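Residue numbers start from 1 in every chain, and the chains themselves are labelled A, B, ... in the order their sequence lines are given, proteins ahead of strands. No experiment lies behind these values; they were computed from the predicted model shown.
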Protein chains: 2
Amino acid sequence: MAVTLDQAQPDFEARFAALLGAKREASPDVEATVRDIIARVRAEGDAALVDYTRRFDGGDLAALGIAVSKDDIARAHQEADPATVDALKFARDRIRSHHERQMPRDDRYVDAAGVELGSRWTAIEAVGLYVPGGTASYPSSVLMNAIPAAVAGVERIVIVVPAARGVINPLVLVAADLAGVTEIYRVGGAQAVAALAYGTETIRPVAKIVGPGNAYVAAAKRQVFGTVGIDMIAGPSEVLVVADRDNDPEWIAADLLAQAEHDVSAQSILMTDDAGFARQVEAAVERQLKSLGRAETAAASWRDFGAIILVDDLFAATPLVDRIAAEHLELAVADAEGLLARIRNAGAVFLGRHTPEVIGDYVGGSNHVLPTARSARFSSGLSVLDFVKRTSVLKLGPEQLRALAPAAIALARAEGLDAHGRSVSIRLNM
Amino acid sequence: MAVTLDQAQPDFEARFAALLGAKREASPDVEATVRDIIARVRAEGDAALVDYTRRFDGGDLAALGIAVSKDDIARAHQEADPATVDALKFARDRIRSHHERQMPRDDRYVDAAGVELGSRWTAIEAVGLYVPGGTASYPSSVLMNAIPAAVAGVERIVIVVPAARGVINPLVLVAADLAGVTEIYRVGGAQAVAALAYGTETIRPVAKIVGPGNAYVAAAKRQVFGTVGIDMIAGPSEVLVVADRDNDPEWIAADLLAQAEHDVSAQSILMTDDAGFARQVEAAVERQLKSLGRAETAAASWRDFGAIILVDDLFAATPLVDRIAAEHLELAVADAEGLLARIRNAGAVFLGRHTPEVIGDYVGGSNHVLPTARSARFSSGLSVLDFVKRTSVLKLGPEQLRALAPAAIALARAEGLDAHGRSVSIRLNM
């Protein structure tokens, strides 16, 4: 049973702040362990990967090989259910079309002073993509991480995935192949992150590492940050559904549970202006829970982190929506566009009654790797921009240098940097 | 005296790799100290800031106030040299014009299936800008960090700057005022980062923290990452000058020294195809060093980290340029555009013989906050994009939902997520 917060009650602000501040995940202190793992992979290379994999994943990489072979991928294609492969292709094509629109354009221009300025975008040469093992080994996530890299023009798209007792979900291999992944290695954990950052005999280093993982993976990414680039540290998933009374409570309950079934730390929040509707949704959640394969997970998430927020007016409540800064935001109201116009912080917004968030997880075309834990206040979902970088370009002729020199020399003097001033002034005696 | 690496020698690759791998900065382990400082600022707020500032900076904030007042800023304008203020305004206007072109545009479209997709950009609500104290307290850096935030539309642009014995460089205050900074606090170090991330009685929290700092500041930014966004961790500055024999050796020497005078850990590299020219530049460096105010710093940088790379052919050497991935790259050659077209990794490129890197430090218009320590392989200089975030938008009607549903349901089934499937299928009985 989720908590209910009522804006009409005097303790609302305190309870709302507590909801925002609640930690949904323990962060075990694995810093020292991870530091040791990284140091050993740097020192011993492949041998360390073989040893850690035997200990943590129960796989014998010395026999299986660290690299997944072309034959392994061909076999995965044969093993996979054809209808699922078709669905992956359908998703792949939609995701690719959308992300192609994100490619930034170079800019080059001459300003009024005759100075040429420019921004030039180029793809990162090599990126590593961490794919979790076990039940969190989602083929859809492989598409979502790899396709933007492929669209950006990254040449080496490298997957690392832990293989419990040597086994990898064949759909992960198929999705990787469909998305344009160029190398796959059966290693996981901090050791895989270390291999991507520093390289081993088998795995050449990459320049950036993206993708979700457990506490060890997150700590490893934090530690190698600087040597390579990393994406945001992903937290447990969350949804905020803003719904008026004109929704079918069963639909809204299904959306809340779709989030809750991910993880016991996931969070589903309903915001509505109708207490009766809220009670109907709650009842529907309890009913639908009974028939879910992952009922235990979903029930724990709903019980521990689920919330219902009762507000006077959905349009007046947008400051609360911005404070929550949800990863996923459904606007199941009559004037969804009008509500969207007032909102600032959200990873992805799903408009209207026929856009369940799940469509965005798979086939909408937009990316499902989104900022969690209120980080939509300052960051964005994964996109092509995460796989390119910008070089600025400046070009002056003698005349432009003369025009800009006095201000540059004055500022160099003010900052006490003689050689800066000389580097400009020495070119003026022409 | 810088080292010389000659591509014609058999040990070149080993020596080049060693140059790339050399650490130019000690990274003292300040993690635990910083953790304590952050915890205390969270627990005690302003009182902790007052205490740490007395101990580390020798200033009495209880008397002075944590916040810089409007009167303080007015006084700084009076104290500042008018010619320098004019130069700051000249720089401000050029930086603003260039950054206005970086503002990303919203995208909203309907695809062939009738699905509406979009990307919507909004400014981050509040950002903190760390400004170092002492000799590294550069007014030009204040412009470079604050102007992109102002162009992005950030409402609260907050500066923290340590005030040794209570004193702040008046030009820093003037630059902040010219750039559109809205709040300034006289605190520095890890305690300032903690205050920005978590807030105190006086300082409201921000959503993102940018700007360079010492090891304590860098460690604090790493630790608060997730609670707030951060920019890259900046390392010591560097320049790679690619120059043919047709340059004036004195000009090139001045450019190398402009970088070297920043810091003993700065790095200046000359790449040329003419050994005789290299010797002339070396001699010019030694000569020019004698007349520099910061001769000792520049000499140490040039001696410890300076390098001359002799190559057969500048156009064939671009793979080396990409491996160096310099923060600043000068192309002082006849066909600078042709050379640029072959290069992938650099923070900023300065084309031709009349574009010394120093112009980019101050008045070119492009940003001088650039990726250091080879991180131009995977990251970009500071821009308006660092102060906005993107929300993706998805909108389906009943017909689009029916078209996309089968693939979404198939993938949900393959991933074992029942509630995901139901969230879609429940909407199909219409």
Side-chain angles (χ1 to χ4, degrees), chain A residues 83-84 87 90 98 117 122 124 138 140 207-208 226 229 233 251 254-255 257-258 261 292-293 344 346 348-351 354-356 358-360 362-366 377-381 389-398 401 404 407-408 410-411 414-415 418-420 422-424 426, chain B residues 83-84 87 90 98 117 122 124 138 140 207-208 226 229 233 251 254-255 257-258 261 292-293 344 346 348-351 354-356 358-360 362-366 377-381 389-398 401 404 407-408 410-411 414-415 418-420 422-424 426:
Chain A
T84 309
F90 181 83
H98 178 66
L117 295 106
T122 47
I124 296 173
Y138 295 133
S140 61
K208 184 164 184 172
I233 307 289
W251 296 13
D255 297 354
L257 286 172
E261 75 175 339
L292 286 184
R344 184 161 183 165
V349 182
F350 304 88
L351 295 178
H354 294 92
T355 317
V358 167
I359 290 294
Y362 293 124
V363 293
S366 49
R377 291 173 299 126
F378 53 81
S379 65
S380 311
K389 66 259 179 351
R390 191 177 40 80
T391 298
S392 68
V393 178
L394 201 58
K395 184 177 176 181
L396 280 67
L401 186 64
L404 268 53
L411 292 173
E415 295 185 351
D418 296 353
H420 279 61
R422 182 188 284 158
S423 164
V424 175
I426 200 170
Chain B
T84 308
F90 181 84
H98 178 66
L117 294 107
T122 46
I124 296 173
Y138 295 133
S140 60
K208 184 164 183 173
I233 307 288
W251 294 14
D255 297 353
L257 286 171
E261 76 176 337
L292 286 184
R344 183 161 184 166
V349 182
F350 304 87
L351 296 177
H354 295 91
T355 318
V358 167
I359 289 294
Y362 293 122
V363 292
S366 49
R377 291 172 299 127
F378 54 81
S379 65
S380 311
K389 66 257 181 347
R390 191 177 40 80
T391 298
S392 66
V393 177
L394 201 58
K395 184 178 179 181
L396 280 67
L401 185 63
L404 269 51
L411 292 174
E415 294 186 350
D418 298 352
H420 278 61
R422 182 187 285 157
S423 164
V424 176
I426 200 170

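- A distance of 9.5 Å separates OG in B:Ser423 from CD in A:Glu261, rounded to the nearest 0.5 Å.
- To the nearest 0.5 Å, atoms CZ (A:Arg344) and OG1 (B:Thr122) are separated by 6.0 Å.
- Side chain of B:Arg390 to backbone of A:Gly381: a donor-acceptor contact under 3.5 angstrom is found.
- When all heavy atoms of A:Ala254 and B:Ile426 are compared, the closest pair comes out as CB-CG2, 4.4 Å.
- By number of non-hydrogen pairs under 4.5 angstrom with chain A, the leading residue of B:Gly397, B:Gly365, B:Gly364, B:Ala410 is B:Gly364.
- Atom-to-atom distance recorded for B:Leu396:CG and A:His354:NE2 is 10.0 Å, nearest 0.5 angstrom.
- Interatomic distance, OG1 of A:Thr84 versus CD of B:Glu415, reported as 10.0 Å (0.5 Å rounding).
- Heavy-atom distances place both the backbone and the side chain of A:Ser392 under 4.5 Å from chain B.
- Each of B:Ala414, B:Ala346, B:Gly360 has some count of heavy-atom pairs under 4.5 Å with chain A, and the biggest count is that of B:Ala346.
- Between B:His420 and A:Ala258, the shortest heavy-atom distance links the atoms CE1-O, 2.8 Å.
- Atom CG of B:Leu394 and atom CZ of A:Phe350 lie 6.0 Å apart (nearest 0.5 Å).
- Going from atom OG of B:Ser379 over to atom NZ of A:Lys389 covers 9.0 Å, rounded to the nearest 0.5 Å.
- Using a 4.5 Å heavy-atom cutoff, the side chains of A:Lys395 and B:Val349 are not in contact.
- Interface summary for chain B: among A:Gly226, A:Ala83, A:Gly229, the most heavy-atom pairs under 4.5 angstrom belong to A:Gly229.
- Counting heavy atoms from C-beta outward, B:Leu404 and A:Phe90 have side chains that approach closer than 4.5 Å.
- Counting heavy atoms from C-beta on, the side chains of A:Pro356 and B:Leu401 come closer than 4.5 Å.
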A:Val358 and B:Arg422: side-chain contact (heavy atoms from CB on, under 4.5 Å), yes or no, with the steps?
CA-CA 10 Å; A:Val358 167; B:Arg422 182 187 285 157; over 6 Å; no

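- Using modelled atom types, no side-chain atom of A:Asp418 and backbone atom of B:Leu292 make a donor-acceptor pair closer than 3.5 Å.
- The shortest non-hydrogen separation linking B:Ala407 to A:Val363 is CB-CG1, 3.8 Å.
- Highest contact tally toward chain B, considering only A:Ile124, A:Leu411, A:Val393, A:Val424, is held by A:Leu411 [criterion: heavy-atom pairs under 4.5 Å].
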